[in-house]
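Input: one structure, supplied below.
Numbering of residues begins at 1 and proceeds along the displayed sequence.
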Amino acid sequence: MIVSSRSRPAPPVAAPRPRRAALTVAVCALGLAGPVRAAEPAPEPDPGSLGAGSILVRGRVVGSIPVNQHSRVEPIGGRVVTPARALPDLDATYFLTDHFALAGQAGIVSTRTSIRGSYIGNLPIGDTWSASLTAAIQFHIPLEGGFKPYLGAGIGYTVPLAYEPAKPFVTAMKADPQLGPMLQAGLDYHLGGRWYANLEFKQIFLPPLVSRIGPGSATVKLDMMIVGAGLGYRF
């Protein structure tokens, strides 16, 4: 019987060895690439950046400037004059989110007052040392680069602690605490690392202050404008 060569199955053809070796190397490389990429550490955040959870502590030198001042002095007449003063200032800001923060400030304020144009001439009154406290909620405006401007609103509270009467004209002094609304605007500039430069303006709208000056009294209405510059450190 004659068997046709067409009915015989063709023998399997083996893949060339170099091709199989290259395929094996490619599979191994793909299998190793995933674990290597997964093991790469994530980039660390900038320790000086400001965002949710940041605490920024600032120290400043400020000018305390009375504005919109009106007064009445009894019984000798005249007006009360309160000059501007340069004072130290310290505050801390806690960021609730990347853009909203709570700020608190504490300091000691020295106020030197005098009476001008009274029936008996110009008279010094003395110095009043007071604790000054402010609290505000701030919105930090998102900008690219190192400039970080912000706006804030809150309250200011001042309570007298000690008095230095201008003797012998004045032998006793006493003043009431004051509480009033406050507006502020400021700018932080990132110097590098955790350090910031700061400029800030705020105005406190105070109620009338009644002071006892010896046998008489003085009622003073003024607002306090505070302008300062300093440095901040981010914790």
is_close_aromatic(Phe95, His140), centroid dist under 6.0 Å: yes
Taking every non-hydrogen atom, the tightest pair across Val170 and Met173: CG1-CG, 3.9 Å
Min side-chain heavy-atom separation Thr93-Leu50 under 4.5 Å: no
Closest approach of Arg234 to Ser49 (non-hydrogen atoms, all atoms of both residues): NE-O, 2.9 Å
Over 12 foreign heavy atoms within 6.0 Å of CZ, Arg72: no
Inter-residue atom distance Leu179.CG - Thr158.OG1, 0.5 Å rounding: 9.0 Å
Close aromatic pair by centroid cut-off 6.0 Å: Phe100 and Phe139: yes
Residues Asp223, Lys221: salt bridge by 4.0 Å N-O rule: yes
Atom of Leu151, atom of Ala185 and distance for their closest heavy-atom approach: CD2-CB, 3.8 Å
Matching residue for His190 among Trp195, Tyr196, Phe147 - test: ring pair (Phe, Tyr, Trp, His ring centres under 6.0 Å): Tyr196
ILVMFWY cluster, Ile108 and Val62 together (side-chain gap under 4.5 Å): no
Inter-residue atom distance Gln138.CD - Tyr150.OH, 0.5 Å rounding: 5.5 Å
Close side-chain approach of Phe205 and Leu183, heavy atoms under 4.5 Å: yes
Test item: Asp98 side-chain N/O and Ala52 main-chain N/O as donor-acceptor pair under 3.5 Å: yes
Worked verdict on Thr134 versus Tyr157 for side chain to side chain contact (heavy atoms under 4.5 Å, CB included): CA-CA 6 Å; Thr134 65; Tyr157 179 69; over 6 Å; no
Gap separating the OG atom of Ser110 from the CG atom of Leu87, nearest 0.5 angstrom: 7.0 Å
Proximity of Tyr163 and Trp129 rings by center, below 6.0 Å: no
Check against side chain to side chain contact (heavy atoms under 4.5 Å, CB included), Gln203 and Met224: CA-CA 6 Å; Gln203 186 158 335; Met224 194 63 69; over 6 Å; no
Asp188 and Arg58 ion-paired at < 4.0 Å: yes
Nearest-0.5 Å distance that lies between atom OG in Ser114 and atom CG in Leu123: 9.0 Å
same_hphob_cluster(Val61, Ile226) at 4.5 Å side-chain heavy-atom cutoff: no
Atom pair OG/NZ of Ser217 and Lys174 - distance to nearest 0.5 Å: 14.0 Å
From Leu191 atom CG to Asn198 atom CG, the distance as rounded to the nearest 0.5 Å: 10.5 Å
Side chain to side chain contact (heavy atoms under 4.5 Å, CB included) between Ile115 and Ile125, intermediate numbers included: CA-CA 7 Å; Ile115 296 175; Ile125 297 175; 3.4 Å; yes
Matching residue for Gln178 among Ile204, Val159, Leu209 - test: side chain to side chain contact (heavy atoms under 4.5 Å, CB included): Leu209
Nearest non-hydrogen partners of Lys148 and Leu143, listed with the distance: NZ-O, 4.0 Å
Validation row: Arg212, Asp176 side chains within 4.5 angstrom (heavy atoms): yes
Joint cluster assignment, Leu206 & Leu133, ILVMFWY side-chain distance < 4.5 Å: no
Minimum-distance pair of heavy atoms, taken over all atoms of Pro160 and Ser130: CA-OG, 3.5 Å
Side chain Asp89, main chain Gly107, donor-acceptor under 3.5 Å: no
Closest contact, heavy atoms only, Gln69 versus Thr82: OE1-OG1, 3.2 Å
Joint cluster assignment, Leu56 & Leu90, ILVMFWY side-chain distance < 4.5 Å: no
Derivation and outcome, side chain to side chain contact (heavy atoms under 4.5 Å, CB included), residues Leu199 and Val227: CA-CA 8 Å; Leu199 294 173; Val227 181; over 6 Å; no
Linked, directly or transitively: Leu231 and Phe235 (ILVMFWY side chains, under 4.5 Å): yes
Beyond-backbone contact of Pro208 with His70, side-chain heavy atoms, under 4.5 angstrom: no
